[in-house]
There are 4 protein chains.
Amino acid sequence: MFELDIRSRKPIYEQLVERLKELIITEVLKTDEQLPSVRTLAQQLTINPNTIQKAYRELEIQGYIYSIKGKGSFVSPANDSQNTEKLLKVKNDLMKLLSEAMYLGITADELIEVIKEVHASIGGGIENDQN
Amino acid sequence: MFELDIRSRKPIYEQLVERLKELIITEVLKTDEQLPSVRTLAQQLTINPNTIQKAYRELEIQGYIYSIKGKGSFVSPANDSQNTEKLLKVKNDLMKLLSEAMYLGITADELIEVIKEVHASIGGGIENDQN
Amino acid sequence: MFELDIRSRKPIYEQLVERLKELIITEVLKTDEQLPSVRTLAQQLTINPNTIQKAYRELEIQGYIYSIKGKGSFVSPANDSQNTEKLLKVKNDLMKLLSEAMYLGITADELIEVIKEVHASIGGGIENDQN
Amino acid sequence: MFELDIRSRKPIYEQLVERLKELIITEVLKTDEQLPSVRTLAQQLTINPNTIQKAYRELEIQGYIYSIKGKGSFVSPANDSQNTEKLLKVKNDLMKLLSEAMYLGITADELIEVIKEVHASIGGGIENDQN
DNA sequence: GTGGTCTAGACCACT
DNA sequence: GTGGTCTAGACCACC
């Protein structure tokens with residue numbers, strides 16, 4: 001469920017935040033569902049509880065979850081602004097990466113192929129025009 | 001020309017690398033053109049020369065520039081030998097990012113728009129659709 | 001353990017990189033084993049920590065070690081994904097060097113001897129001749 | 001005749017030294033043959049005369065050439081110790097590179113192939129066993 | 001405690 | 001004057 005890469009240069013807590021965001025956005029974790037407790041998760045992932053704490057705090061700040069003292073942490077109701085904000089960021093990143101790919105000489109065919117591959121592996125989620 | 005955010009969590013040298021890459025990709029800086037000298041740029045940005053050094057070194061490793069002791073730093077030609085492997089990496093990143101975008105529900109129209117925008121800002125470098 | 005020549009024309013950090021690579025290749029330092037901390041090693045060698053840093057960073061780029069903030073630096077597993085391209089580069093270098101050796105009149109016997117020596121000091125890692 | 005790589009990280013004068021050594025060892029430049037004058041070569045390669053000077057001085061120190069004031073620079077008589085010394089260095093480098101290749105998992109077959117390729121492109125210069 | 005970034009200032013090698 | 005290396009010492013982020 002959580003594929004943490006201990007060797008990555010990206011801090012563990014950031015990996016956790018990203019992964020949990022993804023689970024929330026894709027609604028694997030549904031609104032008001034309880035997240036695993038800090039200690040449980042720490043034990044499961046053999047990771048320092050402080051690290052989990054930090055991830056949860058970050059998620060709370062960003063509005064993805066809310067915590068109730070003595071009870072635990074829960075998924076916040078979906079918020080459109082979250083999604084659109086993220087989409088904007090992703091589109092921006094996409095532009096940067098596309099620029100780089102084009103500079104390096106990616107061909108239109110290759111580009112199409114990449115898109116098709118992704119499209120197949122996801123299986124829709126993108127409205128397609130004619131196929 | 002260089003908008004550095006000294007307070008950002010992103011290290012200054014990384015910001016520099018990104019910005020310079022952008023200038024090279026968009027061909028504001030052209031092949032074999034000389035970059036500002038380490039010291040000059042350092043003075044201009046009121047930043048330590050070592051920091052500029054680090055950025056230039058990183059760009060050299062990534063193949064975007066080459067430096068010659070006693071002469072200066074210059075933009076590498078776009079079609080280098082190591083390009084193939086770099087393209088492979090970028091294509092991989094592209095797939096990840098596209099997956100994410102599709103998960104978040106990017107529409108085909110938006111995607112096309114992004115591609116067109118990039119295409120316009122670079123001005124070819126990708127074999128195109130209808131000429 | 002580390003014989004650094006402070007007077008050599010070769011930068012200290014490069015000497016460090018070479019030496020550490022050697023230790024990793026000969027498996028004196030084994031996969032996931034922790035390297036001495038930047039500060040510790042700096043003190044031991046009476047060298048500035050930044051210099052050690054630079055060496056470690058270089059080794060990380062080359063894929064021989066990985067570093068985790070707050071934890072330390074560790075030996076990367078030998079068979080990494082990026083291995084193929086590295087092998088290609090090394091094979092190329094090997095060809096150049098072999099050409100030079102042959103020009104200088106190295107004999108087949110000497111060549112075989114070199115290969116055997118290396119083979120012995122590593123102890124396999126190459127599928128071998130007769131077993 | 002001189003393929004200098006202006007973009008290489010290796011200083012130009014070193015490239016010159018290496019190239020000239022090679023020409024002398026392979027006897028393209030024969031004993032007591034006159035080398036091109038500093039100015040001529042500088043003009044030919046569109047390089048600063050000082051750089052040529054430095055290369056010639058280095059070659060003189062290493063005993064590959066001798067200079068006569070007012071006449072020019074000439075190839076020194078072949079010296080066995082030069083060759084053997086260089087061979088030793090090359091063998092050492094070969095060992096390092098082979099170690100690395102093996103660590104990266106080069107197979108015996110690949111190694112043999114590399115050797116054969118070089119052998120073919122040189123066309124002997126190595127005493128061969130059976131073919 | 002660990003790695004990572006940055007500064008200020010020095011020195012060297014190369015052109 | 002250029003890039004490149006090194007030091008001494010500071011501060012931050014992470015675990």
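Proteins get letters first, then strands, A, B, ... in listed order; numbering begins at 1 in each.
In this structure, CD1 of B/I12 is placed 13 Å from C1' of E/dG4, rounded to the nearest angstrom. Counting to the nearest Å, the P atom of E/dC6 and the OH atom of B/Y56 are 16 Å from each other. Distance, C/I61 CD1 to E/dG3 C1': 15 Å, rounded to whole Å. F/dC14 atom C1' lies 14 Å from atom CD1 of A/I52, rounded to whole Å. As rounded to whole Å, 13 Å separates atom C1' of F/dA13 from atom CZ of A/R57. A straight line from CD1 of B/I68 to P of F/dG4 spans 10 Å, rounded to a whole angstrom. Between the CD atom of C/E58 and the C1' atom of F/dG4 there is a distance of 13 Å, rounded to whole Å. Rounded to whole angstrom, the span from the CG atom of C/L59 across to the P atom of E/dG3 amounts to 13 Å.
The cationic atom of B/K86 (NZ for Lys, CZ for Arg) does not lie both less than 6.0 Å from the six-membered ring centre of A/Y103 and within 45° of the ring axis.
For the OP1/OP2 pair of F/dC15 and a distance below 4.0 Å, the side-chain nitrogens and oxygens of C/K69 include no atom meeting the criterion. Between B/R9 and the phosphate of F/dC14, there is a side-chain N or O to OP1/OP2 separation shorter than 4.0 Å. For A/K54, no side-chain nitrogen or oxygen approaches OP1 or OP2 of F/dC15 to under 4.0 Å. Remark: B/T51 is in phosphate contact with E/dT7, judged by side-chain N or O atoms under 4.0 Å from OP1 or OP2.
When each of D/L29, D/L59, D/L20 is paired with D/V75, the side-chain contact (heavy atoms from CB on, under 4.5 Å) condition holds for D/L29 and for no other.
For DNA chain F, each stem of at least three Watson-Crick or G-U pairs (distances under 3.5 Å) is given as range with range: E:1-14 with F:1-14.
Mapping C/Q34 and D/K10 onto DNA chain E via the closest heavy atom, the residue that lands nearer the 5' end is C/Q34. Taking the nucleotide of DNA chain F with the nearest heavy atom to each of A/Y13 and B/S37, the more 5' of the two is matched to B/S37. Between C/K71 and D/P11, the one whose closest nucleotide on DNA chain E sits nearer the 5' end is C/K71.
B/K91 NZ: more than 12 foreign heavy atoms inside a 6.0 Å radius. Counting non-hydrogen atoms of neighbouring residues, nucleotides and ligands closer than 6.0 angstrom, the CD atom of C/E33 exceeds 12 such neighbours.
A donor-acceptor pair is defined here as one N or O able to donate and one able to accept, closer than 3.5 Å; such a pair exists between the side chain of A/Q15 and the backbone of A/K10.
Between C/Y56 and C/P36, the shortest heavy-atom distance links the atoms OH-O, 2.7 Å.
Side-chain contact annotation: C/Y13 with C/N50, donor-acceptor N/O pair under 3.5 Å absent. In summary, the side chains of D/Q62 and D/K21 do present a donor paired with an acceptor at a separation below 3.5 Å, with no hydrogens or angles considered.
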Report, one pair per line, the protein and nucleotides 9-12 of chain F atoms (nitrogen or oxygen only) whose separation is under 3.5 Å.
{"from": "F/dG9", "atom 1": "O6", "to": "C/N50", "atom 2": "ND2", "distance (Å)": "3.1"}

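Between B/E18 and A/K96, at least one side-chain N (NZ, or NE/NH1/NH2) sits under 4.0 Å from a carboxylate O, which counts as a salt bridge. Look at B/E22 and B/R19 and you find a salt bridge, because one of the NZ, NE, NH1 or NH2 atoms lies within 4.0 Å of a carboxylate O, short of that distance.
Nucleic acid contact for A/I47: none, since no nucleic acid atom lies under 4.0 Å from a heavy atom of the residue.
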